[in-house]
Amino acid sequence: MNHSYPFSEFEPRWQGHWISSRAFHARNPEEVDFDPKKKKRYILDMFPYPSGDGLHVGHLVGYTATDILSRYYRMRGENVLHPMGWDAFGLPAEQYAIKTGQHPRVTTEQNINNFRRQLQTLGFSYDWEREVNTTDPDYFRWTQWIFLQLYHAWVNPASNKVEPISTYHGDDVDAVRLAYISEMPVNWCPALGTVLANEEVVDGKSDVGGFPVERRPMRQWMFRITALADRLIEDLEKVAWPESIKQLQRNWIGRSEGAEVIFTIKENPSQKITVFTTRVDTLYGTTYLVLAPEHPLLDQLQLSPAIKENLKTYREGCSTKKDLERTDLAKTKTGIPLGVEAINPINGETLPIWVADYVLMHYGTGAVMAVPAHDERDYEFAQQFQLPLRVVIEADSELALPFSLTEGKAINSPLVNGLAAAEAKAIIIKWLEAHGWGRGVMQYKLRDWLFSRQRYWGEPFPIVWEEGKHRALSLEELPVRPPEMEDFRPTGTAEPPLAKAKEWVRYSENATRELNTMPQWAGSCWYYLRFCDPHNRQHFIGKEAEAYWQNVDLYVGGTEHAVLHLLYARFWHKALFDLGCLTTVEPFQRLVNQGMILGSDGQKMSKSRGNVVNPSEVIKQYGADAVRLFEMFMGPLEHSKPWSTTGVEGIYRFLARIWRLAMKEQGPGEWSLSENVTETPLTSAQQKTVHATIKKVTKDIEALSFNTAIAQMMIFVNEFTSAKLCPLEALQILLQLLSPFAPHLAEELWSSLAEKFPSLKTVAVLASQAPWPIWQEEYLCFEEVTYAVQVNGKVRTRLTLPSTASKEAVEKAALAEPALLSHLENKKIEKVIIVPGRLVNIVAS
RNA sequence: GCCGGUGUGGCGAAAUGGCAGACGCAAGGGACUUAAAAUCCCUUUUCGCGAAAGCGGAGUGUGGGUUCGAGUCCCGCCACCGGCACCA
């Protein structure tokens with residue numbers, strides 16, 4: 001193939017050179033050539049799952065952006081940590097293994113090698129000496145170690161901090177552990193043969209694969225993430241993340257402030273119903289209570305035989321209903337009356353009790369006080385069954401029921417009449433607490449994190465079971481490796497595949513190993529820590545390395561991890577911080593989400609649509625630099641945008657123009673330095689272009705506005721292409737600015753130029769190690785500036801004046817402008833506004 | 001329904017409250033060439049007047065507002081994208 005410049009020759013050459021010369025190795029504090037004067041900067045990509053499909057152009061957006069930043073900050077003299085690794089445990093490898101009979105370790109290794117090779121063909125400046133792999137025993141030893149730290153910890157309510165379990169003095173340690181066993185209804189996916197976290201179930205189907213998921217009670221490992229819910233919300237204030245992601249996390253945690261109210265059963269005062277409400281100010285408006293069909297009290301209430309029978313049928317109907325049907329908003333509400341009554345503590349009124357599936361067992365207390373006048377759902381239900389309603393908020397105008405004003409005054413509520421919601425709430429809560437009928441509480445949508453999976457290809461738990469009780473292994477016994485197995489298919493029962501490894505399971509005479517494995521999140525919860533000190537044999541991260549590198553200055557990845565990965569990692573980080581293992585409160589200081597790359601048809605890339613772009617093929621045709629540059633030139637980093645082959649060609653032409661600024665073709669494919677490159681001084685116009693470009697590129701890189709930085713370099717190149725001679729100084733600066741974006745081309749031209757002009761060698765041997773150029777503001781001003789002259793905000797003419805002209809002089813010159821005569825005819829000039837150096841606006845009427 | 005985001009040429013996009021459309025793609029025209037590729041040059045928001053240089057009007061989803069001046073700020077509406085969704 002005939003290329004416009006010989007990238008296929010020099011790109012691999014420089015990639016090899018960078019690695020062999022350790023050009024991008026970041027020094028840790030304890031290393032010999034560590035420079036304490038350098039500022040540290042930790043720039044991190046979300047590490048990939050090395051799938052069999054290989055790298056995707058979508059991966060490259062974020063990776064290129066962080067590579068540009070890393071290279072830029074290195075040129076600015078900073079110590080940049082920019083690592084890469086593999087999130088390699090997980091379901092796809094296991095399922096592929098089941099299909100082909102190949103061990104997941106083998107396919108994982110192949111995929112990793114392929115990913116690494118592909119990344120290297122893009123010239124990314126990762127410090128490959130720090131590569132980590134979550135499936136490496138030297139890595140997951142520490143994943144297991146961290147699990148044990150959390151197992152041996154609890155949240156002390158007094159300090160609201162994670163503390164070693166030794167500070168707990170109660171008598172049921174297992175009831176407070178941060179990692180605990182729970183026998184709970186979980187999301188069981190028969191097709192995958194595993195349970196899933198709530199977060200991994202979407203619309204009643206598995207997030208991976210879309211298989212049906214059912215609820216069934218199972219013994220599982222859980223993390224008490226809810227204990228840190230408040231801090232996970234509050235500390236979002238401390239990080240520079242997109243507001244949308246913060247909001248997503250807040251919504252997910254779903255804190256709501258309200259109160260619990262205790263209602264007594266009239267027929268049997270020893271039985272109580274506790275409800276949760278955020279509108280306790282409307283307590284007087286309650287006209288009935290509703291229990292969720294799963295509510296345990298239903299089994300204890302004394303009901304008439306007919307109702308009992310009715311209830312049984314109703315509850316069965318609910319339990320077989322799929323989640324989807326039950327949560328269908330369009331359907332009319334169902335429910336049955338129980339024929340028993342409860343007493344409203346605030347006024348002693350008796351209220352009928354109902355069961356209805358619009359009340360969810362897993363939120364609040366599984367029971368609600370219905371205020372149909374001021375709650376849409378209660379209203380709908382009350383209409384359906386002709387239940388009474390009582391208005392307890394005064395509406396100024398004729399508001400249709402139900403309405404839920406918080407600023408309206410309370411009425412029909414003796415204790416709080418005339419008060420707005422906030423005050424009324426406070427008074428009623430106080431009253432409830434004083435009389436023992438309730439209290440103010442916080443509720444969260446977030447539930448504890450289900451942490452075990454019935455899989456083979458994941459980290460085993462460092463736990464054994466003895467006489468029905470769990471016990472932690474000692475730290476010396478880590479890592480616990482998965483057993484060698486031929487057959488790791490799901491057992492078809494709830495038992496995990498590890499149960500088949502009989503020898504491995506038997507830990508001792510009377511102890512057996514935990515059969516569950518950890519979910520894929522485990523390894524990704526802390527990899528950013530290991531990168532700081534990847535070869536440490538004594539600790540998961542060394543104290544000095546931790547103090548130096550933490551936390552991550554910039555974290556770039558897709559929005560798909562907005563909730564789960566980021567929330568889980570923050571949770572581990574906070575726990576480890578509380579336990580004294582870390583010095584920062586939050587793991588990721590700044591977060592940026594890159595947009596998706598769509599197919600050229602504007603649709604999401606997918607095999608079935610046939611619009612997937614293979615980066616290797618584009619590299620083959622246009623080179624790595626062109627791919628990198630195009631990915632950045634397409635538009636703002638955060639935007640989704642469609643791929644365009646002709647767009648790559650445009651960038652490729654731009655790079656070829658740079659090449660020809662310095663090189664001349666002697667014969668087909670034979671290039672040598674162009675004699676147009678000389679040490680001539682820059683004209684003042686060129687001087688301005690050069691320095692304006694330095695300024696723009698510098699500021700744009702720091703603002704992550706790579707597309708406009710590239711546009712400015714294009715302006716630069718266009719200008720020098722049309723000049724007869726190419727001054728060395730201009731070319732050198734261009735190569736320095738270009739180096740983070742198109743490092744191979746910059747490196748190649750730099751070394752070619754350095755042969756003829758040794759002055760370059762004194763600046764740096766490699767372009768990627770040259771210092772970042774500094775612009776001089778004084779070159780940016782011209783002696784003359786052009787003013788736009790407006791009449792009433794419309795541009796009518798332009799005016800070139802000395803840049804030193806005073807406001808008065810500018811005004812005088814503008815008013816004297818003949819082109820304005822027709823626009824000022826018969827008008828009175830009221831005001832003249834002057835923006836120095838830019839614009840004059842004459843206001844006339 | 002609620003929360004968040006985005007609306008600018010044929011397309012990707014630029015514009016500290018100050019000349020809308022930089023830069024690139026696509027399209028059209030031209031130069032070079034026996035020819036093509038490559039390269040280089042020109043045109044390209046839209047409407048009206050003009051042979052032309054040019055002149056004038058409109059224009060950043062939509063309707064208002066603030067301002068000497070609004071793509072940018074404020075209020076209402078519409079469309080699309082993402083998230084949550086009977087969360088009491």
Side-chain angles (χ1 to χ4, degrees), chain A residues 2-4 203 242-252 254-256 258 275-280 282 290 292 326-331 333 356-360 362-371 374-378 380-381 404 443-446 559-560 562-563 593 596 600 602 630 633-636 638-651 653-654 656-657 660 665 705 707-715 717-718 721-722 786-798 819 822 830-845:
Chain A
N2 198 15
H3 295 136
S4 303
D203 286 343
E243 197 44 48
S244 60
I245 301 291
K246 290 189 184 184
Q247 204 54 42
L248 238 43
Q249 293 226 341
R250 284 189 205 109
N251 290 345
W252 190 265
R255 171 161 65 183
S256 76
V275 304
F276 173 73
T277 177
T278 54
R279 290 303 300 272
V280 74
T282 62
V290 191
R326 184 161 164 188
T327 58
D328 184 1
L329 289 171
K331 88 173 168 73
K333 291 189 166 40
D357 68 357
Y358 83 89
V359 174
L360 309 172
H362 59 246
Y363 185 76
T365 57
V368 302
M369 53 178 239
V371 186
H374 305 296
D375 183 281
E376 224 174 288
R377 299 150 301 180
D378 298 341
E380 196 191 315
F381 191 77
S404 55
Q443 272 296 334
Y444 302 90
K445 274 200 281 182
L446 181 73
T559 356
E560 64 273 20
V563 181
N593 293 120
M596 264 196 304
S600 41
F630 178 62
F633 186 63
M634 283 193 286
E638 301 88 338
H639 285 198
S640 291
K641 52 241 151 181
W643 182 264
S644 149
T645 304
T646 52
V648 191
E649 280 170 15
I651 285 290
R653 282 199 284 270
F654 164 63
R657 270 208 298 281
R660 290 195 308 267
E665 191 163 26
S705 175
N707 54 330
T708 51
I710 295 166
Q712 179 63 35
M713 289 191 273
M714 287 174 169
I715 292 171
V717 171
N718 289 345
T721 301
S722 52
T786 301
Y787 280 81
V789 183
Q790 300 181 329
V791 175
N792 292 332
K794 286 199 174 123
V795 179
R796 296 301 178 182
T797 186
R798 272 158 245 279
S822 63
E830 300 193 339
K831 203 167 166 191
V832 178
I833 286 146
I834 294 166
V835 183
R838 300 187 73 100
L839 161 145
V840 180
N841 188 14
I842 300 165
V843 185
S845 61

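In the text below, chain A, chain B and the rest are named by the order of the sequence lines, each starting its count at 1.
- Atom CG in Leu360(A) sits roughly 11 Å away from atom P in A85(B) (whole-Å rounding).
- Under 4.0 angstrom from either OP1 or OP2 of G12(B) there lies no side-chain N or O belonging to Lys641(A).
- Phosphate contact (OP1/OP2 of A22(B), side-chain N/O of Asn707(A), threshold under 4.0 Å): absent.
- Counting non-hydrogen atoms under 4.0 angstrom, Thr721(A) reaches nothing in the nucleic acid.
- Counting any heavy atom pair closer than 4.0 Å across all strands shown, Arg796(A) reaches sugar-phosphate atoms only and no base atom.
- For RNA chain B, runs of at least 3 consecutive pairs of the Watson-Crick or G-U wobble type, with both hydrogen-bonding distances under 3.5 angstrom, map to B:1-7 with B:78-84, B:10-12 with B:23-25, B:27-31 with B:39-43, B:45-49 with B:54-58, B:61-65 with B:73-77.
- Counting non-hydrogen atoms under 4.0 angstrom, Asn718(A) reaches the backbone sugars and phosphates but no base.
- Whole-Å rounding puts the Lys794(A) NZ to A70(B) P distance at 10 Å.
- One finds no side-chain N or O of Ser640(A) lying less than 4.0 angstrom from the OP1 or OP2 phosphate oxygen of C81(B).
- To the nearest angstrom, P of A70(B) lies 10 Å from CG of Asn841(A).
- For Arg653(A), no side-chain nitrogen or oxygen approaches OP1 or OP2 of G24(B) to under 4.0 Å.
- Within 4.0 Å of Val835(A), counting heavy atoms only, lies at least one base atom of the nucleic acid.
- Here G69(B) presents its C1' atom at 17 Å from OH of Tyr787(A), a figure rounded to the nearest Å.
- Nucleic acid contact for Ile833(A): base, since at least one base atom lies under 4.0 Å from a heavy atom of the residue.
- At a threshold of 4.0 angstrom between heavy atoms, the contacts of Gly254(A) with the nucleic acid are absent.
- Glu243(A) comes within contact range of no nucleotide atom at all, as no heavy-atom separation falls under 4.0 Å.
- Taking the P atoms as reference points, C2(B) lies 38 Å from A58(B), given to the whole Å.
- At least one side-chain heavy atom of Arg250(A) sits under 4.5 Å from a side-chain heavy atom of Lys246(A).
- Backbone-only contact: Leu248(A) has heavy atoms under 4.0 Å from sugar-phosphate atoms and none from a base.
- Aromatic ring orientation, Tyr358(A) versus Phe381(A): tilted (interplanar angle from 30° to 60°).
- Residue Pro242(A) is out of contact with every strand shown, counting any heavy-atom pair closer than 4.0 Å.
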